[in-house]
Each structure stands twice: as C-alpha cells, then as structure tokens.
Peer 1: 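Before I ask anything, let me first share the structure, which is written out below as structure tokens.
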Amino acid sequence: MTKIELYAQLLPQITSLLQGETDPVANMANLAAVLYHNLQQINWAGFYVRREDELVLGPFQGKPACVRLKRRHGVCWAAVEKRETLIVPDVHTFAGHIACDSASQSEIVVPILKGTEVWGVLDIDSPVKARFDETDQAFLEQTVNIFVTATFARSKQI
Ligand code: SME
C-alpha cells in the first residue's frame, strides 16, 4: 500500500473515531494511538498543549517525553511562532532542537489553531532522516482539522 492509499484509508477512520466527542484529552489520546500504530517509521506521536509561555505534554504514544517546553526553544515552539507546519529533515541540524528520545532523526510539527490562537501542536518523530514530506504534511494538517472540528466546533470561543 502506498502512503497516499494509507492516508486515504485513515482519514475516514479518524473522522468517525472523533465524531461526537468534544473532550480534547480523549480526542488527542485516540489520535496519538491511531497515528502511532498506523504510520511507518515513527518513534513518537503526540501533543503539546499551550499554557501561556510553555508547551505542556499532552497525550502521546512512544517513550516518555519532556513535560514542559519553554518558549523560543525547539521545533514545537518554532511551529507555534510561525503558525505553520514545520518539517525538520535532520533534527541534529536544527538549532535548539529538544531531544526527548535519542533515536529521533527527523520531525514534523503541526500547529493546532482554536480560533485565531495556537492552542497546541501535533508532534511526530521518526528514527529515519527526511521521513516527512508534503504528503505527510497534507495528511497531518487534515487530521488536525478533523480534531479541531470535532473538539472545538461547538465552542463559543471559535
Ligand atoms: N523535539 C521537540 C520536543 C518534543 S519531543 O520531540 C517529543 C522540540 O524540539 O520542540
């Protein structure tokens, strides 16, 4: 199965998994599990939630990770500041990268917007260099859109 075929299969599964549930922890937990168990060549998949000047660890699958990421440090915060998906083909060449698992070689971080605010990020690590491309970006951005719609659509803040 190609990556495009896999992602085409996963998107409807993700939509039905999150449909009708608005609890962010439950939805992040199920998403982390679906991504970790279906994507190839990854060693960590999970969330950080923004709490003012820190990103705090949310539901994830993989080895235990850094709990609090300080502003202006690392890949996750860079994606928050840019408000754009960040693909890092080689984490060793990214100044300030925070290594939670020494196996990680490449990383993708997708910001999660609630209204106009960056609410958190989806972070995925791979033990393989240059693991993530535009196809992964498109799939993960759609995944985050499904999460935002399910979790926040009925919120008054959006
Ligand atoms: N590498 C991230 C930290 C989180 S771990 O990858 C799970 C960063 O540099 O922000």
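Whatever order the structure lists ligands and atoms in, that order sets their numbers, starting from 1.
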Peer 1: Just wondering, do Leu35 and Leu122 contact through their side chains at under 4.5 Å, heavy atoms?
Peer 2: yes
Peer 1: Taking Trp119 as the fixed residue, which of Tyr48, Phe47, Phe147 is the one that meets the ring-ring contact (aromatic ring centres under 6.0 Å, His included) rule?
Peer 2: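 The passing option is Phe147.
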Peer 1: Is it the case that more than 12 heavy atoms not belonging to Leu11 sit under 6.0 Å from its CG atom?
Peer 2: yes
Peer 1: Do the side chains of Arg71 and Glu81 get close enough for a salt bridge, i.e. N-O under 4.0 angstrom?
Peer 2: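 Salt bridge present between Arg71 and Glu81.
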Peer 1: Sort out the contact shell of ligand 1: every protein residue with a heavy-atom distance below 4.0 Å, listed by chain and number.
Peer 2: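 Shell around ligand 1 (4.0 Å, heavy atoms): Trp44, Tyr48, Leu69, Gly74, Val75, Cys76, His97, Ile98, Cys100, Glu107, Asp123, Asp125.
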Peer 1: Any side-chain heavy atom of Thr85 within less than 4.5 Å of one from Pro111?
Peer 2: yes
Peer 1: Could I get the full list of side chain to side chain contact (heavy atoms under 4.5 Å, CB included) partners for Val75, not counting sequence neighbours?
Peer 2: Leu86, Val88, Phe94, His97, Glu107, Val109
